[in-house]
Amino acid sequence: MHPRSIDEVVVVGYGAVKKSDLTGSVASVKMGALDNLSSTSVDGLLQGRAAGLQVLNTSQDPGAGAIIRIRGNSSLEGSNTPLVVVNGFPMGDAGNLSQINVSDIESIEILKDASASAIYGSRGANGVILVTTKSAAKGQTNISVKHQTVISQLSDPLDIWYDPMLMAQVTNEEQVNAGLNPIYIGQTIGGIYYPSLLEIQNGEWANTDWRDLCLRTPVLNSTTAAISSANDRASINLNVNYHNNQGLYKKDSYERINANLGVTYNLYKNLKLTSYNVFSITNRNISNGLEYGRTPLWPVYDKEGNYYLAGAQDFGHPLVILDNVLNKTTGRDFVTSLAVDWELVKGLTIHPQLDYRYQTSVGDVYRASNTSQDANDNGGIAQINNSFNQNLMSETYLTFSRTFNENHALTVMAGHSYTWDTGRGLYTTARGFVNDVLQNENMNAGNPNLRQIYNDGYYLSKLLSFYGRINYSLKDKYLLTATMRADGSSKFAEGNRWGYFPAASAGWVVSEEKFWNVRNFNSFKIRASYGLTGNNYIGLYDAYGGFGATSIYNGASAILPTALPNMRLKWETTHQLDIGVDMGFFNDRIRLMADYYNKKTTDLLF
């Protein structure tokens with residue numbers, strides 16, 4: 001669905017409700033209030049914006065996403081990442097937030113309790129993040145360009161010993177105290193020259209600052225160009241973003257080009273078409289782990305201009321790694337969605353929607369023979385790793401909404417969806433190259449006896465769902481919500497495929513009562529909910545077992561069992577109780593939400 005968030009309206013699963021009518025625990029983040037923040041990622045903007053939402057940055061690698069949790073973990077070894085839904089399309093776990101351009105977002109809703117997230121059934125146990133993108137303002141044409149530059153630096157200086165004179169003196173003293181001869185006296189041992197203290201003091205020998213050769217000041221540049229226009233019948237919103245994020249290590253980078261196109265067209269007064277499309281290309285170059293702590297007594301180059309190596313087994317020279325290791329991944333991601341909103345009669349709307357996603361990834365790796373012991377033993381190692389996956393979802397639901405006798409407001413929603421997910425991976429490795437000129441561009445140049453092909457296999461999973469929700473309000477004071485979803489997954493064996501996830505909630509808007517007359521305390525609501533959500537994040541064929549090709553004797557291969565079947569696997573279910581209050585002061589200039597919740601997970605999958 002493609003509802004657009006407006007004042008006092010909150011987007012929820014398969015619909016939108018007035019904030020005052022909410023009976024579940026939902027946090028709303030309006031992006032307009034965050035326009036001046038420097039963060040260029042969605043997870044960065046969400047940090048500290050909602051109670052119960054944890055955003056943990058565990059990696060400083062460029063392009064790395066944060067770990068996101070809603071009300072902690074629900075599973076031991078299954079996924080604990082919330083579901084991300086963009087304009088009604090479930091795009092997967094929170095890692096997919098990196099595919100969304102921050103400038104294209106109108107609002108984000110975070111569904112925290114079972115009453116709010118149970119409508120997503122088997123994928124709602126860890127909470128749900130709903131993203132609604134921008135639409136053009138009627139009667140206006142807007143063109144905008146926005147650029148951000150972020151310069152990063154280490155919060156603390158690197159604690160590395162970089163006094164070569166003191167280093168040599170201490171090493172000599174250590175040798176003498178051990179009853180051995182000092183080594184820094186201007187001599188060659190094992191092919192390595194150890195300069196004298198006088199050579200070091202006079203500057204006749206190297207004093208290499210490897211930090212300057214390995215590290216840099218990372219710069220992030222993000223540029224967005226957008227155009228939007230709308231009239232009485234149609235609206236269009238086009239957003240293009242270029243994002244380049246340098247890593248702390250030289251040649252370590254993440255680059256993304258992202259284009260979003262949203263189109264809405266009103267065929268008739270009661271019939272509207274909506275299309276949302278995203279295309280992105282990403283490039284990740286990896287060069288982390290360089291030895292910036294290498295001894296400063298070792299020069300960068302020898303007298304002949306070659307890399308200075310401290311022996312035949314020295315595989316830690318940073319420039320050797322930078323110049324002779326290829327490690328990059330190119331990804332492409334295409335998302336398209338087409339939805340229809342058709343008001344059949346007054347108060348009754350049907351919403352069919354078709355979503356499709358196609359992702360590819362190509363990883364190129366080459367390690368020359370002078371970059372590691374493994375590559376040296378094998379005469380260079382080349383890899384090409386290809387994978388793709390497709391996701392197709394068809395969904396249709398009906399919504400009936402009517403107010404009776406001015407006091408009774410009723411909204412009923414019912415629908416079904418079908419999700420089809422498939423993919424394949426192919427990974428090749430070659431070793432034993434005559435030279436490193438072509439890297440992994442000619443895998444046939446490797447030793448034929450050392451080539452390997454790994455087929456990660458074809459996979460297919462299906463999910464069939466039926467769901468419904470009833471919202472009832474009496475005099476805008478007494479609120480009831482009941483939700484039910486049934487999911488059937490191909491991951492489980494027959495007899496355990498279906499999971500059922502009911503939820504119910506109630507609210508009392510105390511401030512609407514006649515007796516309520518508290519100055520500057522303008523709104524007060526009490527709410528409670530209880531419900532079940534599921535988790536089916538297990539291996540695709542854990543219930544059925546598996547077979548694989550294995551080399552067993554003298555290079556011969558055979559098909560052997562790789563996993564035993566477990567036909568008794570069933571849905572992991574999370575039970576959650578929530579009791580909360582919503583309060584507003586000074587005409588809602590100050591708002592307070594407080595919740596008590598209790599989560600219990602049964603039938604853990606691991």
Side-chain angles (χ1 to χ4, degrees), residues 1-5 11 29-32 34-35 37 39-46 63 65 83-109 129-138 140-148 220-230 234-245 254-265 272-283 330-341 353-360 390-393:
M1 188 173 183
H2 302 268
R4 293 295 183 265
S5 182
V11 179
V29 179
K30 305 301 180 185
M31 301 304 290
L34 308 177
D35 282 344
L37 295 181
S39 179
T40 58
S41 65
V42 180
D43 44 23
L45 289 176
L46 289 176
L83 173 69
V84 172
V85 180
V86 180
N87 292 338
F89 181 21
M91 291 183 64
D93 62 31
N96 291 280
L97 287 173
S98 63
Q99 299 300 322
I100 305 171
N101 183 10
V102 172
S103 300
D104 197 39
I105 298 176
E106 178 70 25
S107 69
I108 298 175
E109 271 70 38
I129 298 175
L130 302 179
V131 178
T132 304
T133 58
K134 292 179 179 178
S135 59
K138 185 177 178 180
Q140 297 182 14
T141 297
N142 296 307
I143 300 175
S144 65
V145 177
K146 179 180 179 180
H147 178 80
Q148 288 178 286
L220 184 154
N221 286 295
S222 180
T223 304
T224 301
I227 180 171
S228 62
S229 181
S235 70
I236 184 172
N237 189 76
L238 176 63
N239 189 305
V240 180
N241 172 258
Y242 174 74
H243 178 98
N244 189 305
N245 186 5
Y254 173 78
E255 184 182 39
R256 183 188 70 221
I257 300 175
N258 179 285
N260 301 340
L261 175 64
V263 178
T264 300
Y265 187 75
K272 181 177 71 174
L273 299 178
T274 305
S275 177
Y276 176 69
N277 307 275
V278 180
F279 180 69
S280 64
I281 300 175
T282 59
N283 290 290
T330 300
R332 288 174 172 79
D333 193 349
F334 173 67
V335 177
T336 184
S337 174
L338 178 63
V340 178
D341 287 289
Q353 180 167 328
L354 184 65
D355 305 304
Y356 176 73
R357 185 178 190 183
Y358 183 83
Q359 295 173 285
T360 64
Q390 300 178 82
N391 180 271
L392 178 67
M393 189 184 79

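Side-chain atoms are counted along with the backbone in the values below, which use heavy atoms only and exclude waters and symmetry mates. Nothing here was measured: the structure is a model prediction, and the numbers come from that model.
Every side-chain contact (heavy atoms from CB on, under 4.5 Å) that S229 has, sequence neighbours left out, goes to T141, I236. Checked against side-chain contact (heavy atoms from CB on, under 4.5 Å), Q390 has the following partners two or more places apart in sequence or in another chain: Y356, Y358, F388, W420, T422. Partners of I257 by side-chain contact (heavy atoms from CB on, under 4.5 Å), not counting sequence neighbours, listed by chain and number: Y242.
Atom CD1 of I227 is separated from atom CG of N239 by 11.5 Å, given to the nearest 0.5 angstrom. Expressed to the nearest 0.5 Å, how far OG1 of T336 lies from CZ of R357 amounts to 12.5 Å. Note: T132 OG1 to E109 CD = 5.5 Å, rounded to the nearest 0.5 Å. Distance check: T223 OG1 to K146 NZ gives 11.0 Å after rounding to the nearest 0.5 Å. We find the CD1-CD1 distance between I108 and I100 to be 7.5 Å, quoted to the nearest 0.5 Å. Annotation: the span from L273 atom CG to L338 atom CG amounts to 6.5 Å, rounded to 0.5 Å.
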Full working for side chain to side chain contact (heavy atoms under 4.5 Å, CB included) between L354 and L392: CA-CA 8 Å; L354 184 65; L392 178 67; 3.9 Å; yes

Apply side chain to side chain contact (heavy atoms under 4.5 Å, CB included) to the pair Y276 and T274, showing each step before the final yes or no. CA-CA 7 Å; Y276 176 69; T274 305; 5.8 Å; no

Worked verdict on T133 versus N237 for side chain to side chain contact (heavy atoms under 4.5 Å, CB included): CA-CA 10 Å; T133 58; N237 189 76; over 6 Å; no

Run N277 and S275 through side chain to side chain contact (heavy atoms under 4.5 Å, CB included) and show every step you take. CA-CA 7 Å; N277 307 275; S275 177; 3.0 Å; yes

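Each of L220, V102, N101 was compared with H243 under the side chain to side chain contact (heavy atoms under 4.5 Å, CB included) criterion, and only L220 meets it.
Remark: the backbone N or O of S103 is paired with a side-chain donor or acceptor of K134 at under 3.5 angstrom. A donor-acceptor pair under 3.5 Å is absent between the side-chain atoms of R256 and the main chain of S280, judged by distance alone.
With contacts defined as side-chain heavy-atom distances shorter than 4.5 Å, the pair D333/V278 does not qualify. Side-chain contact between S235 and K138 is absent, with no heavy-atom pair separated by less than 4.5 Å.
Side chains of N87 and D355: no donor on one and acceptor on the other come within 3.5 Å. Donor-acceptor pairing under 3.5 Å is recorded for the side chains of S222 and N241.
Between A234 and Y265, the shortest heavy-atom distance links the atoms CB-CD1, 3.6 Å.
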